[in-house]
Amino acid sequence: MEQHYEKFQRGYSPGKRYGRAWKRIRDRYVHKHPLCEQCLKEGRYVAVEEVHHIVPLAEGGSNDESNLMSLCRSCHEKIHHERGDR
Ligand SMILES: [Zn+2]
Ligand SMILES: [Zn+2]
């Protein structure tokens, strides 16, 4: 069902690919994981700024919580940098 919805969203507007469903998922995830998970591993307590998809949607990832990560902006940028995005 999630997959189906994703396809629907994608066809419609590249700029709005996440839409309202994603906002709801993200809000719930942030509520459960209010701190950057990467910083937390290193013993730092930094508030979450972005919710990251471990496997990007474009590569078949889902909005499932098991595919999400709470990150601060700098950890998020670092992960994408290491992946070679941008
Ligand atoms: Zn961080
Ligand atoms: Zn990301």
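Indexing begins at 1, ligand by ligand and atom by atom, following the structure's order. Bear in mind that the values here come from a model prediction, so they are computed numbers and not experimental data.
The angle subtended at the Zn ion (ligand 1) by SG of Cys75 and SG of Cys36 is 110°, given to the nearest 10°. The Zn ion (ligand 1) lies at the vertex of an angle of 110° between the SG atom of Cys72 and the SG atom of Cys39 (rounded to 10°).
Per residue His76, closest N, O or S atom to the Zn ion (ligand 2): atom name NE2. The atom of His52 that is an N, O or S and sits closest to the Zn ion (ligand 2) is ND1. Closest approach between the Zn ion (ligand 2) and any N/O/S atom of His80 involves NE2.
Residues Val51 and Leu35 do not share a hydrophobic cluster, clusters being chains of Ile/Leu/Val/Met/Phe/Trp/Tyr side chains in contact below 4.5 Å. With hydrophobic clusters built from ILVMFWY side chains whose heavy atoms lie under 4.5 angstrom apart, Val30 shares a cluster with Trp22.
Using cut-offs of 30° and 60° for the angle between ring planes, the His80 and His76 rings count as perpendicular.
Pro34 is not listed as a side-chain neighbour of Ser70, based on a closest heavy-atom distance of 4.5 Å or more.
Remark: Arg26 does not engage Glu50 in a salt bridge, criterion side-chain N to carboxylate O under 4.0 Å.
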